[in-house]
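Worksheet: one structure, shown below.
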Amino acid sequence: GATASSIGKLALSPESPVPSTVHSYCHIILNKYHSSETGIEWICPSVSMGTRIVCFLCMIGVNLLMVSSFLDGMNESGSVVGTALSTAANFSFSALYGILF
């Protein structure tokens with residue numbers, strides 16, 4: 001839950017630090033190696049969009065992993081224990097990400 005939403009924020013937020021950093025580095029690299037060529041302006045927005053797509057796919061993968069482990073926990077320990085552990089883990093990771101980011 002908390003990890004997937006953090007990754008989702010990286011994928012969907014226009015001010016996200018990861019795609020904007022990749023976009024900046026792309027411009028630096030293009031200006032260094034291809035300063036005189038035209039017609040390659042589309043590369044940096046495409047690389048930035050690719051980064052956002054990768055983050056979005058990671059968000060979906062982490063959500064699938066979370067649901068899978070939640071269902072396994074419910075099967076092994078019962079619904080109350082599984083729900084309590086899932087909620088505690090999400091709460092803890094939300095606090096950790098709030099401190100780190």
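All values below come from the heavy atoms of this structure, side chains included, with hydrogens, waters and symmetry mates left out.
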Donor-acceptor pairs under 3.5 angstrom involving side-chain atoms of residues 76-93: please list them, not counting sequence neighbours.
from	atom 1	to	atom 2	distance (Å)
Thr83	OG1	Ser79	O	2.7
Thr87	OG1	Thr83	O	2.8
Asn90	OD1	Gly1	N	3.3
Asn90	ND2	Ser86	O	3.3
Ser92	OG	Ala88	O	2.9

Worksheet entry | Same cluster (ILVMFWY, side-chain, under 4.5 Å), Val22 and Ile7 | no

Residues at least two apart in sequence or cross-chain that pass side-chain contact (heavy atoms from CB on, under 4.5 Å) with Ser13, listed by chain then number, are Lys9, Glu15, Ser16

Quiz: residues 44-65 side-chain donor-acceptor pairs under 3.5 angstrom, not counting sequence neighbours:
from	atom 1	to	atom 2	distance (Å)
Ser46	OG	Trp42	O	2.8
Thr51	OG1	Val47	O	2.9
Arg52	NE	Ala11	O	2.9
Arg52	NH2	Ala11	O	3.3
Arg52	NH2	Leu12	O	3.1

When rounded to the nearest 0.5 Å, the distance separating CD1 of Ile43 from NE2 of His27 is 10.5 Å

